[in-house]
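Computation of the quantities below employed the complete heavy-atom set of this structure, encompassing side-chain atoms and omitting hydrogens, waters and symmetry-equivalent molecules. Numbered from 1 within each chain, the chains take letters A, B, ... in sequence-line order. Remember, it's a predicted structure, so these values are computed and weren't measured experimentally.
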Amino acid sequence: MSDLNKGGWRPEMTEERRDEQGTFTGNRALMLDEALIFEIGDSETTGVDLADFPQVETRLGGMERDRRIGLPGLSEPEAVRHYTRLSRQNYAIDLGLFPLGSCTMKHNPRLNEKIARMKGFADVHPLQPVETVQGALGVINELAVWLIKLTGMHGVAMTPKAGAHGELCGILCIKAALEARGEDRKVILVPESAHGTNPATAAFAGYVTENIPATPDGRVDLEALKARLGPDIAAVMITNPNTCGLFERDMKAISDAVHAAGGYVYCDGANFNAIVGRVRPGDLGVDAMHINLHKTFSTPHGGGGPGSGPVVLSEALSPFGPIPYTERFGDGHITLVEEETAGDRHPHSIGRMTAFHGQMGMYTRALAYVMSHGADGLKQVAEDAVLNANYLLRSLEDVLDAPFGKSGPCMHEALFSDMGMAEGYSTLDIAKGLIDEGYHPMTVYFPLVVHGAMLVEPTETESKAALDEFIGALRSVAIRAKAGDEALKSAPHFAPRRRLDETLAARKPKLVWPQTELAEAAE
Amino acid sequence: MSDLNKGGWRPEMTEERRDEQGTFTGNRALMLDEALIFEIGDSETTGVDLADFPQVETRLGGMERDRRIGLPGLSEPEAVRHYTRLSRQNYAIDLGLFPLGSCTMKHNPRLNEKIARMKGFADVHPLQPVETVQGALGVINELAVWLIKLTGMHGVAMTPKAGAHGELCGILCIKAALEARGEDRKVILVPESAHGTNPATAAFAGYVTENIPATPDGRVDLEALKARLGPDIAAVMITNPNTCGLFERDMKAISDAVHAAGGYVYCDGANFNAIVGRVRPGDLGVDAMHINLHKTFSTPHGGGGPGSGPVVLSEALSPFGPIPYTERFGDGHITLVEEETAGDRHPHSIGRMTAFHGQMGMYTRALAYVMSHGADGLKQVAEDAVLNANYLLRSLEDVLDAPFGKSGPCMHEALFSDMGMAEGYSTLDIAKGLIDEGYHPMTVYFPLVVHGAMLVEPTETESKAALDEFIGALRSVAIRAKAGDEALKSAPHFAPRRRLDETLAARKPKLVWPQTELAEAAE
Amino acid sequence: MRYLPLTQSDRDTMLTQIGAQSIDDLFADVPEAARLTGPIRGLPSHATEMAVERHFSALARQNMAASHHPFFLGCGAYKHHVPASVDHLIQRGEFLTAYTPYQPEIAQGTLQMLFEFQTQVARLFGCDVANASMYDGSTACWEAISMAGRITKRSKAVLSSGLHPHYVSVCETMAHFTNDMLDVAKPDFAGADTQRLIDNIDEETSAVVVQYPDILGRIEDMSAIAAKAHEKGALLIAVVTEPVALGAIKSPGEMGADIVVGEGQSIGVGLQFGGPYVGLFACQKKFVRQMPGRLCGETVDAEGKRGFVLTLSTREQHIRREKATSNICTNSGLCALAFSIHMSLLGERGLCDLATLNHARAVQAAQRLNKVPGVRVVNDTFFNEFTLELSKEARPLVRELADRRILGGVSLGRLYPDVNALQNGLVVAVTEIVTDEDIETFADALEELLS
Amino acid sequence: MRYLPLTQSDRDTMLTQIGAQSIDDLFADVPEAARLTGPIRGLPSHATEMAVERHFSALARQNMAASHHPFFLGCGAYKHHVPASVDHLIQRGEFLTAYTPYQPEIAQGTLQMLFEFQTQVARLFGCDVANASMYDGSTACWEAISMAGRITKRSKAVLSSGLHPHYVSVCETMAHFTNDMLDVAKPDFAGADTQRLIDNIDEETSAVVVQYPDILGRIEDMSAIAAKAHEKGALLIAVVTEPVALGAIKSPGEMGADIVVGEGQSIGVGLQFGGPYVGLFACQKKFVRQMPGRLCGETVDAEGKRGFVLTLSTREQHIRREKATSNICTNSGLCALAFSIHMSLLGERGLCDLATLNHARAVQAAQRLNKVPGVRVVNDTFFNEFTLELSKEARPLVRELADRRILGGVSLGRLYPDVNALQNGLVVAVTEIVTDEDIETFADALEELLS
Ligand SMILES: Cc1ncc(COP(=O)(O)O)c(C=O)c1O
Ligand SMILES: Cc1ncc(COP(=O)(O)O)c(C=O)c1O
């Protein structure tokens, strides 16, 4: 006979706590809800064991912390579970086709992850003596050579941390070049279809922006552009292939005209995947172009970053590139040009764009990627990406309006508008309907030049079967939107959350968990 | 104007292919269906690039394969997606509490995964010269020392590949010991509550088994056992703590009686987690006990294996242990006793249990685990495991029948029966109801001695909050089973599949995908 | 402690709630004499993650890792390049930390993978069905003999001299206690013992067991053995320790094998100092109910959707207990997954190309090594592994090679310490990981050491 | 090619279906002159996974990895032990291969994590709010100055001489082109320039920027600076390059900082030769609408369930274009995740203990090194990093230490090649990874090299 629990204690939870769908926990089998760390953890719990510390006289100078911070801790089992459960509420390339136009959500090879984690790269300090990091510098240098050759440009600034940072770097180089010429031009021309970072970058660098007019077929209006060129125009920023999914046929003519007017040509290279290995921007007169290693070169997006945005530069702009950068000597030894040597070797540099050498972890991945494909494979990448997009375009244009469907083949993405949907139905409904079908929606409402834009980029890493399944799903949803299917207005139905109230979020911003609630939750 | 698709080709899939829940794909947002590799892949596709091969004159002796094998290939993106999507149809410890009684589904530390993958362990061949694998042998030897000390035994056979293999090894050692004494005893006594591997192992080793009677409170009936002992009894196989979740109070007396009758005591150590660091089986007179490293020592279950089942041995049995094994010299050098030296050093060995050195990949993990906890931490493991189980038992015994609830504290698992459920409701319904709540069910219908058994083992790696949530869910489901809630009979409702037809599977076994279907699918 | 979520205050609360004074109350059933009062003596106390990692790094550094050196070992464990995605995928928590799929509604991931694995193994071996894995090749081999005994109700197995000696040992360990008879022999450079096998099959024989390619790397046609076995009512059990070979040569099933077992380590799993590996087990349909181990089968759910379950469990210990076909429970699921992923990545084209590449490299190496004075290639036929007869004892030579940082094969002296005629034998495996440079380095070192 | 699923026959079918003769038809808009006919010359062709891996292994071996040697580098990048579970979790495909969470219904994993991250950063820095990350500490620093300019409508920032020189450089690059004024100075062993900062804050000043602890490792109270700044209508921007320090010392927010930025690399991310890192950015509530970067906020879904979305996007480039608060788009999400996981594992107790341990080790090291003839510890105060003044130029000495396989700190000559007074300075960081042995080895080597 047990002596335990003679008092007959029972937990106080016999009462029904079941939700509409009938579960106590709110879970739906493998779709698991997960509380916040502030609700699970407490400030005394830790998932990290530390060595005992020696007693010393502190040297903190009286600045010891005397208030609690409010950081909850989790044991390791709790932490692994928390983040694993959270992760399962995400869509990802690993789960299926991720047709976000302009984002090039291609497969992220696992070899690259393995290589990036080699201790010789991941466990090296940016300020170690250069003799102790020759292999790391070698990676940067090898990748630089690849990028220069793939783009047919003269130089490359490796350090920018993402596409927008690359844009900034390129625009600063242009500004420096103008300054070196003693000119102070104020305006950068940017088409309306451009990505938001283009005008934002120009403004961040102190420029005013003006629109470049477009032709009805979705390209830059060369004549109108020429008409606007003049001594106040520092540069044009053009995306090629552009965000309508089209190749700018007149790119070379545009470049020539801009150069003739004393300006520079910045090319947004976010869409490089369409042409890598098949067309070199250098052959089109481009002066600067950033490359999103996290797009064309397969480094993972990581739920928002990190990326990497090297900028290739023309001969005219190369002298202004940032420090530090690598230089390889004949004997294979690599040196780093930074403050000490820049004065002699690179006197016109704009300086540092970032503290250290840029995104080493992305360089390893990108270099592994280009080496794996080789020049031949990269050409195939562009071809398959473009083929997949054209196949999608032609498979959908009878049920979705393709405003530039007649403007020539699309490049690596296909653009649709919301024309023809039933009254009250919009691009958003199509997007949310796709979620229920098991897909991440395409890019929506971008570019701005098309009403209810839907920009679909399949990438080359999708099989024909995967495309066909997606086409079927999108056709089905599009037909429902045309027919005014009620259920679509309230989609998604099966996702971890129904449509979220974005207005509320913006009107009453709750950006952090309130301090007091930790104490309560921890009780 | 584009020249493309003048013929106006469209895919043939405009027709409605939507299922009851309204999707074309059959997916439910993040719950994604996934076809078989035989439906996705084809025999010409590959996700592996190989170097070109030199032309040579073959030496295959005319045995060249001339038929196709029928192996579908996937590109890397397809493969990553296939297995990622499949994985999401599984429950796992990383997702939540996994209360499978007798299975010790505790947290699997990620440090151990990292260590097991160090090249010095993962990339070493079992037949390398011993001088080149001193560190690997060191791991085996260090772990052996830990296991011996934790159990208070004399020796340990490391090579068995899992629990059942360890049982086999132990029973063979017993048989060898009897043989060495010139005895040929035929019977092994096994309680009805024992795990299926116990009688199966005895039979596999050529023994007949007989039942050991139990007392009403769920333990071995010492007097009845004593009555049955005699010259035909080779051994008793006892699980301690037993599968009813109870500590065998009379273990020492049982051992003494068995020894007095000339038999040996095999202890099933699957439940060692309840007592590790607190009780040493050696102190209870045990002659052989396997340890499931994949239970007590946290190596992952991997969806069914691999495991590792070292057997600790008493002084009486140690001379019969298998080869190979490690021996450490005073100078730290480690040697491997195998065929060549066994004749001198270990002449009574039963021989090899397996080709090589056992489960190296599990040794690294288990050793990392015991080192992390230390002797102090392991004691805490047992205490927390037992505390968690008792907390569960007492939190549930008013809504679920606990047949041995009065037999003393439970150890690391709590046993319930199906008594008291509404007519037509069974343990299975509770299990399936728990699935909808986001839990893996407990072990059901084992041990056989309790009707509709439910064996709940929370392990020590669950927080109180996690236990409370589980208790709430199980109480809710239990109450529904008592009340005869219709919805429970058809649970699970939210899992990737509803209840599966196991009878059909067994009646018309489809164990492989038919060859012909590959060809069709590939067309 | 980082793995223990209960706080001291949780513990106190819980003890109070269940009416216990202290944790000791919960161990009240442990006899006084067996209760330990403190942590077990002679063992260290807990350690930080960093300390543990450093301890293992130091141990790991004491081992010569295959990929850091010219590497030529085989004999039942082969080094192939495993794509990085394999290891990534098997580390998905949902695969890694799942249990055996006893609750199929939330284990379809594991189950579907097992169904795919079974099909891959069956096709590769030329059999109708395969199970969901065994521990490894050696234990699978005994299970096959044991199964043949159940089927034929006979207890004598004839083992080829080309069967891996460790596999033979494992069978001998078991046979000794089960009173089965094993007819064994040692290998001979002169040739395989096909004729001995054929001659020794009689009415008592349950099975004849042949490794293909054999321990010395030789490839023999098993058709005649199968014919004789079937004539006498015995089964042919084929053992494949290097499944990559089957991308280049006929499957055992084609030649009449009734049961085919093998070691799957070579595909997806890696060397791992011998384990965990994955036992492959396939047979013809009529024997399925005598198979050991788990089987996954296709079925439908309550809504008619295709799904998978573990099936035919009446063969297994948890249902049939002492009448089960085997005592196996935990098998090698995660290694089976690794095998299956790697095999899906390869596909038929990849596997065949990989086999061709292995063979071509091996032929090159054999030609080169054969030129070294004091070296003779024993094999007429081989796939990616062959035997050298040296002018010296091989075992010390292997150690000398290791001193030169070359892992130069497996000496037959290690495998057969008691067979004098084999002491100069060295078994050399050459896979796609071996470079031209490795071969040259090895040949040069051999030349020096043998002169 | 292993990453390309289309087969040649798929390609042909698709081209036919869309009515194209060949792939070239799809590139018809590319002007003739720019069309390449074959693969780009001068670049290698495709390579196997094994070949690529071997190439990188060879490169990796040319680098001295921190964990293989006594290691004392800091100055904006710190080596701490990161639990293995962090790297495991960030490799979950659902985190690794997701995009920015623009579709919140299927991105709650990333969004909830960001909300937790924002809260952790805000609390650590003593601020009301934090954003979802910036590229790194140095770019965050300029963003803070730029934000202060927007808030105060002024364009002169006073930078502490203790601000990391690379951060100063980044700000100078930008300020040069945006016509902002930066008041800068170089550090001095004599002490921090708190007084200079206070003196130089005037009515033109948008912000004063102070690193805490500073580049030489010194810890200064910023309260007086904050008071003066606020008096003059300027903001105090604090910069934290070693967030672990805040487990031991007061938060900048407590001392009156308006914006606190920092480098989060130290927690969860690792050294990575400088990137990717993670910029931390926090401020007081009233400035939230001037913040750069993404913000995640709590809301509810159509059924009233709590959920998270990206919010206040009208600050951002994709909505506001040229009027955005910054041009940042892709940020450092996955590093933020690593930071947040590591921080959750630490918790308050772990962080504070880690800080105490770091400080204790650093104090021990400083005491030991101070005893070496020719070495003087410059700092009165420090956390886990301090500056030595040597009797010799530090830069060549660091290289000599490397020759002895010791990574012995960052020479001030590397950071300030043009400041003579600093050439003998060596900044030494000591974290929990440093052992007693490492300290002895370092001290002994210093002793030899300085004698
Ligand atoms: C066309 C275009 N330009 C620029 C960018 C900015 O690149 P990043 O996000 O790397 O800063 C993007 C990325 O979203 C883009 O699609
Ligand atoms: C009580 C008991 N004994 C033995 C075993 C067999 O162990 P294994 O599965 O490792 O062969 C198990 C595991 O399921 C068990 O629970």
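The closest donor-acceptor contact from the side chain of A:Asn90 to the backbone of D:Gly109 lies under 3.5 Å. The backbone N or O of A:Ile69 sits less than 3.5 Å from a side-chain atom of D:Glu348, completing a donor-acceptor pair. For D:Thr173 (side chain) and A:Ile350 (main-chain N/O), a donor-acceptor pair under 3.5 Å exists by modelled atom type. A donor-acceptor contact shorter than 3.5 Å is absent between the side chain of D:Ser344 and the backbone of A:Leu74. Judged by distance alone, with hydrogens and angles left aside, the side-chain atoms of A:Lys161 form no donor-acceptor pair with the main-chain N or O of D:Asp136 at under 3.5 Å. D:Asn327 places no side-chain N or O within donor-acceptor distance of the main-chain N or O of A:Ala200, the cut-off being under 3.5 Å. The backbone N or O of D:Pro39 lies less than 3.5 Å from no partner atom in the side chain of A:Asp376, so there is not a single donor-acceptor pair. A donor-acceptor distance shorter than 3.5 angstrom exists from the side chain of D:Arg414 to the backbone of A:Leu127, with no hydrogens or angles considered. No donor-acceptor distance shorter than 3.5 angstrom exists from the side chain of A:Lys252 to the backbone of D:Pro31, with no hydrogens or angles considered.
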ask   = Would A:Val124 and D:Leu271 count as a side-chain contact (heavy atoms from CB on, under 4.5 Å) if you check the C-alpha gap in whole Å, the side-chain angles of each, and the deciding distance to 0.1 Å?
value = CA-CA 6 Å; A:Val124 182; D:Leu271 291 174; 5.8 Å; no
inquiry  = Please evaluate residues A:Arg59 and D:His359 with respect to the criterion side-chain contact (heavy atoms from CB on, under 4.5 Å), reporting the C-alpha separation (whole Å), side-chain torsions for both, the decisive distance (0.1 Å), and the verdict.
reply    = CA-CA 8 Å; A:Arg59 301 284 292 271; D:His359 185 56; 3.8 Å; yes
ask   = Given D:Phe56 and A:Met118, is the side-chain contact (heavy atoms from CB on, under 4.5 Å) satisfied, shown in steps?
value = CA-CA 8 Å; D:Phe56 279 93; A:Met118 289 178 173; 4.0 Å; yes
Verdict with reasoning, A:Trp513 to D:Arg123, per side-chain contact (heavy atoms from CB on, under 4.5 Å) = CA-CA 10 Å; A:Trp513 187 250; D:Arg123 290 182 182 184; 3.7 Å; yes
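Proximity to chain A (any heavy atom under 4.5 Å) is restricted, for D:Met1, to the side chain, taken from C-beta onward. With a 4.5 Å cut-off on non-hydrogen atoms, A:Thr45 touches chain D through its backbone but not through its side chain. Both the backbone and the side chain of A:Thr58 come within less than 4.5 Å of a heavy atom in chain D. Contact of A:Ala205 with chain D is made through the backbone alone, with heavy-atom distances under 4.5 Å. Neither the backbone nor the side chain of A:Leu246 comes within contact range of chain D; no heavy atom of the residue lies under 4.5 Å from a heavy atom of that chain. For chain A, the nearby part of D:Thr311 is the side chain; its heavy atoms alone come within less than 4.5 Å. Contact annotation for A:Lys119: both backbone and side-chain heavy atoms come within less than 4.5 Å of a heavy atom of chain D. Contacts of A:Tyr391 with chain D are made by both backbone and side-chain atoms, with heavy-atom separations under 4.5 Å. When heavy atoms are compared at a cutoff of 4.5 Å, A:Pro496 approaches chain D by way of both its backbone and its side chain. Residue contact with chain D, scored on non-hydrogen atoms closer than 4.5 Å, involves the backbone of A:Glu57 exclusively. Both the backbone and the side chain of A:Asn388 come within less than 4.5 Å of a heavy atom of chain D. Of the two parts of A:Glu383, the backbone and the side chain both hold a non-hydrogen atom closer than 4.5 Å to a non-hydrogen atom of chain D. With a 4.5 angstrom heavy-atom cutoff, A:His373 touches chain D via backbone and side-chain atoms both. Proximity to chain D is limited to the side chain of A:Leu284, based on heavy atoms less than 4.5 angstrom apart. If you measure heavy-atom distances from D:Asn179 to chain A, you find no contacts under 4.5 Å at all. Contact annotation for A:Glu462: only backbone heavy atoms (N, CA, C, O) come within less than 4.5 Å of a heavy atom of chain D. Both the backbone and the side chain of D:Leu15 come within less than 4.5 Å of a heavy atom in chain A. Of the two parts of A:Ala466, neither the backbone nor the side chain holds a non-hydrogen atom closer than 4.5 Å to a non-hydrogen atom of chain D.
Within the model, atoms CD of D:Glu254 and CE of A:Met63 stand 8.5 Å from one another, a figure rounded to the nearest 0.5 Å. Put simply, CZ on A:Arg65 and OG on D:Ser251 are 5.0 Å apart, with the number rounded to the nearest 0.5 Å. Distance check: A:Gln89 CD to D:Glu94 CD gives 11.0 Å after rounding to the nearest 0.5 Å. Note that OG1 of D:Thr299 and CG of A:Leu500 are 6.5 Å apart. Values are rounded to the nearest 0.5 Å. The distance from the CZ atom of A:Arg278 to the CZ atom of D:Arg35 is 8.0 Å, given to the nearest 0.5 Å. Put simply, CD1 on D:Ile106 and NE2 on A:His440 are 4.5 Å apart, with the number rounded to the nearest 0.5 Å.
The residue among D:Ala402, D:Cys329, D:Ala248 with the most heavy atom pairs within less than 4.5 Å of chain A is D:Ala248. The choice from D:Thr178, D:Asp10, D:Leu73 that makes the most heavy-atom pairs within less than 4.5 Å of chain A is D:Leu73. Residue with the most contacts toward chain D among A:Ala51, A:Pro322, A:Pro441: A:Pro441 (heavy-atom pairs, distance under 4.5 Å). Listed options D:Arg41, D:His88, D:Gln112 were ranked by heavy-atom pairs under 4.5 angstrom with chain A; first place goes to D:Gln112. Heavy-atom pairs under 4.5 Å with chain A were tallied for D:His55, D:Met343, D:Glu172, D:Gln120; the largest tally goes to D:His55. Top candidate by heavy-atom pairs under 4.5 Å with chain D, chosen from A:Gly196, A:Ala176, A:Gly358, A:Cys103, is A:Gly196. Listed options D:Met64, D:Gln62, D:Glu105 were ranked by heavy-atom pairs under 4.5 angstrom with chain A; first place goes to D:Glu105. Counting heavy-atom pairs under 4.5 Å between each of D:Gly247, D:Gly275, D:Gly347, D:Gly76 and chain A puts D:Gly275 at the top.
Counted by atom type alone, A:Ser372 and D:Arg2 present one or more donor-acceptor pairs between their side chains at under 3.5 Å. Side chains of D:Thr97 and A:Asn108: no donor on one and acceptor on the other come within 3.5 Å.
Counting only heavy atoms from C-beta outward, the side chains of D:Gln364 and A:Pro54 approach each other to under 4.5 Å. Under the 4.5 Å side-chain criterion, counting only non-hydrogen atoms from C-beta, D:Thr330 is not in contact with A:Pro306. Within the 4.5 Å cutoff, the side chain of A:Leu150 has heavy atoms near those of the D:Ile40 side chain. D:Leu36 places none of its side-chain heavy atoms less than 4.5 Å from the side chain of A:Lys379. No side-chain heavy atom of A:His125 sits under 4.5 Å from any side-chain heavy atom of D:Leu407.
Look at A:Asp94 and D:Arg92 and you find no salt bridge, because none of the NZ, NE, NH1 or NH2 atoms lies under 4.0 Å from a carboxylate O.
In this structure, D:His164 and A:Phe356 have perpendicular ring planes: the angle between them is above 60°, well past the 30° mark. The aromatic rings of A:His301 and D:Tyr99 lie tilted to each other, with the angle between the two planes from 30° to 60°.
D:His318 and A:Phe446 have their aromatic ring centers separated by at least 6.0 angstrom.
D:Glu116 and A:Leu36 get closest at one heavy-atom pair: OE2-CA, 3.4 Å.
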